[in-house]
Amino acid sequence: MKDNEPNKKNEFEKQLNDLKEWEENQYNPGYYIGTGKIPEPIKGVGKYPFIQIIIGLIILIPIIIAIIDETDVLNIISFIIPAIIGLSLICGGIIKLINMKKSQINKKM
């Protein structure tokens, strides 16, 4: 068990180094940063739709407070774009959860 720990640590450090290189050189023309695949740490975020839902709710909290406090119309209008982003994050997270549940049910059959 302890033999695997250094391998996991080395792999994690490699992923961090790859991500750092990608961040530093993504806009340099002609610089080869790999195969063009999405880096693993960024790709892994899509596996957890709960995080997406929580971020959407955090974005929507100021909008809900503004509506409850009965602020003027101009302030509520300024919240339209964050509201759209928050709702799309929540809807996307819920859709991912539903698809994950369906795929789990299909695997069991």
Side-chain angles (χ1 to χ4, degrees):
M1 199 87 152
K2 291 185 179 182
D3 293 337
N4 290 337
E5 289 178 14
N7 292 337
K8 289 181 183 179
K9 187 174 182 180
N10 289 338
E11 185 174 328
F12 179 70
E13 288 177 3
K14 181 185 176 301
Q15 288 178 353
L16 286 178
N17 290 336
D18 290 345
L19 182 61
K20 183 178 178 184
E21 180 184 8
W22 177 75
E23 287 177 347
E24 291 174 353
N25 298 301
Q26 64 182 334
Y27 297 114
N28 292 340
Y31 188 86
Y32 181 73
I33 54 173
T35 60
K37 295 182 180 178
I38 299 172
E40 288 296 323
I42 295 172
K43 191 162 106 176
V45 173
K47 295 179 183 177
Y48 306 104
F50 288 113
I51 295 173
Q52 193 173 0
I53 293 171
I54 290 170
I55 292 172
L57 289 173
I58 290 171
I59 292 172
L60 287 178
I61 287 174
I63 299 166
I64 295 168
I65 292 171
I67 292 172
I68 291 173
D69 285 344
E70 298 177 4
T71 58
D72 57 344
V73 176
L74 291 176
N75 285 342
I76 293 175
I77 290 174
S78 66
F79 285 125
I80 289 176
I81 293 176
I84 292 170
I85 294 170
L87 289 173
S88 64
L89 285 171
I90 291 171
C91 290
I94 291 171
I95 290 170
K96 283 183 184 178
L97 279 174
I98 291 170
N99 289 338
M100 287 172 65
K101 296 289 183 185
K102 284 182 182 179
S103 66
Q104 289 175 353
I105 291 172
N106 290 337
K107 285 181 182 178
K108 289 181 181 179
M109 292 181 166

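Any value given below was found using the heavy atoms of this structure, including those in side chains, with hydrogens, waters and symmetry copies removed. Computed from a predicted structure; not experimentally measured.
- In this structure, Leu87 and Leu60 approach most closely via the heavy-atom pair CD2-CD1, 3.8 Å.
- In this structure, Met100 is not a member of the same hydrophobic cluster as Ile95, with clusters built from ILVMFWY side-chain heavy atoms closer than 4.5 Å.
- The CD1 atom of Ile105 sits 8.5 Å away from the NZ atom of Lys101 when rounded to the nearest 0.5 Å.
- Here the shortest heavy-atom pairing between Leu97 and Pro49 reads CD2-CG, 3.6 Å.
- Considering only heavy atoms from C-beta on, Gln52 stays 4.5 Å or farther from Ile55 through its side chain.
- A single hydrophobic cluster is seen to contain both Tyr48 and Ile59, as judged by linkage of ILVMFWY side chains at heavy-atom distances under 4.5 Å, directly or through other members.
- Rounding to the nearest 0.5 Å places OG of Ser103 at 12.0 Å from CD1 of Ile98.
- The shortest side-chain heavy-atom distance between Lys14 and Asn10 does not fall under the 4.5 Å cut-off.
- To the nearest 0.5 angstrom, Glu21 atom CD is 10.5 Å from Leu19 atom CG.
- Hydrophobic clustering of Ile, Leu, Val, Met, Phe, Trp and Tyr side chains at less than 4.5 Å, counting indirect connections, unites Leu57 with Phe79.
- No chain of hydrophobic side-chain contacts below 4.5 Å, direct or via other Ile, Leu, Val, Met, Phe, Trp or Tyr residues, connects Ile54 to Ile64.
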